[in-house]
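We name chains A, B, ... by the order of the sequence lines, and we start the count at 1 in each one. As a basis for the values below, the full set of heavy atoms in this structure was taken, side chains included, without hydrogen atoms, waters or symmetry mates.
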2 protein chains.
Amino acid sequence: MPADTLTNPRKTPVQARSSATVEAILEAAARILESEGLEGYTTNAIAKRAGVSIGSLYQYFPNKDAVTAALVRADTEEMAGAMEAVMVAYEGRPVRDCIGALVEVAVCHQFDRPMLARLIDLEEHRLGRDFGMEAARERMIGVVRRLLENSRLDLPFDLETVTQDLFALSHGITDAAGMKGETDRAHLNARIRHAILSYLGVPAS
Amino acid sequence: MPADTLTNPRKTPVQARSSATVEAILEAAARILESEGLEGYTTNAIAKRAGVSIGSLYQYFPNKDAVTAALVRADTEEMAGAMEAVMVAYEGRPVRDCIGALVEVAVCHQFDRPMLARLIDLEEHRLGRDFGMEAARERMIGVVRRLLENSRLDLPFDLETVTQDLFALSHGITDAAGMKGETDRAHLNARIRHAILSYLGVPAS
DNA sequence: CTTAAATATGAGCGATAGCTCGCATTGAAA
DNA sequence: TTTCAATGCGAGCTATCGCTCATATTTAAG
């Protein structure tokens, strides 16, 4: 039995329609997690919502966890990409602004689909991080770490810890707000920006 | 059929041994969530680990969710009680110290059993909050709200929002630290205290 | 057109989950 | 001691889940 059952798909799509199938499966998986939670998250349900037969699902994913792992990877990579794009767009601008933009991206990613974000996070830990996940996560965290490194700020704790805490606290606040059903995204942005900037000791503008 | 299947136990314990049974069931449920996660969290497994038959379990809980709900209630009540005790012990002392003590209690509660805390939180949302849960939660949040009210601090947002954010950010940081396997509780305390105090704008001592 | 690989299908198998129910045991009131 | 409610028991029912496999359809190469 191969070691990583989560990365070796049974078959790799070569034609266009099969790539579409895989796409549809991941999209359906996300939508079910968001709307039904873990209860309704079954392979049969995923296949049905994707408009695909259960057999097709198992041609591209060796098991249910592999679907989830692929979903986690895709989600993290999307996030990492968005954050890297922000840093390119904000090249040379003050830390305050960069952080504001990053927070907006992060909130946007998590706030509209709180249940999905929460369950993805849960599953990520349950599965353990495979190479793809780890790499995407490192890309994402690396963005903030580099920002802090170049900022010449006097950090209250070591760089690695601070980076992790900033992710964790904004994740926590967004999660609570999302699950509580808040709708004012701008207000949420402001609060997280405040939490982060004050943690970092960046003086108010 | 009664409306709240989560609060009406099939039978209420009247003898001593049945109370012990209920206790054992809740304790076993917590231990399984902590060590096995949702995968191993089955009513049969709970009964087995509690040293009780499956039939006994269903004499006191109408269904699986009722067990989980009772566990959530007990957990929140324990937390609320601990925080109230802290505030009694710290009567009249400066806000800094009160917050430090509250953080210690909160971290202590969540840090050693990160998986349990995380899953309890998840289930709490899935079940919706029944009366018992809501009351316990209000007790817990009320402690911090009153502390902030009496502190005469100039809060960056309205009282309710700030209270919620403080819980959320410390929850997020503790969760991340716990799941990552950190062991230095004092360091974690320091970081959360820092995050909270700077969010509140309390000057460094 | 022929042909073989790629892709799609879904009935259904084995395993296991939540939960029931008939019966055994225990405890306390009389 | 008798008696009955309270408590405890666990084999097993039903439903559903993850997943397989035999078969059908589509696509692209020659």
Atom-pair distance (NZ on A:K48; C1' on C:dA8), nearest Å: 17 Å
Gap between atoms OH and P, on B:Y58 and D:dA11 respectively (whole Å): 17 Å
Presence of A:T21 side-chain N/O under 4.0 Å of C:dA8 phosphate oxygens OP1/OP2: yes
Salt bridge B:R31-B:E36, side-chain N to carboxylate O under 4.0 Å: no
Crowding at CD, A:E34 (>12 non-hydrogen neighbours, <6.0 Å): yes
B:L57 CG - D:dA11 P separation (whole Å): 17 Å
Nucleotide nearest B:K64 (side chain, heavy atoms from C-beta), chosen from C:dA6, D:dT7, C:dC19: C:dC19
Short side-chain N/O contact from A:Y60 to OP1 or OP2 of C:dA8, under 4.0 Å: yes
Spacing of A:D65 atom CG relative to D:dC17 atom P, expressed in whole Å: 16 Å
Sugar-phosphate only, base, or nothing, as touched by A:S56 at under 4.0 Å among non-hydrogen atoms: base
Contact summary for B:R191 and B:A177, nearest pair of heavy atoms: NH2-CB, 4.4 Å
Parallel, tilted or perpendicular, as decided by the 30° and 60° cut-offs, for the rings of B:F157 and B:Y199: tilted
Closest to side chain of A:Q15, choosing from C:dA6, D:dT7, D:dG18: C:dA6
Salt bridge B:E123-B:R126, side-chain N to carboxylate O under 4.0 Å: yes
Distance below 4.0 Å between A:T43 side-chain N/O and D:dC17 OP1 or OP2: no
N/O (side chain, A:S53) to phosphate O (OP1/OP2, C:dA8) under 4.0 Å: no
d(CZ, B:R17; P, C:dG27) in whole Å: 5 Å
Nearest-angstrom distance from the residue atom CD of B:Q59 to C1' of D:dA6: 8 Å
First encountered from the 5' end of DNA chain D, between B:S18 and B:N44: B:S18
Atom pair distance, as rounded to whole Å: CD in B:E23 and C1' in D:dG8: 18 Å
Rounded distance (Å) that lies between atom C1' of D:dG18 and atom CD of B:E39: 13 Å
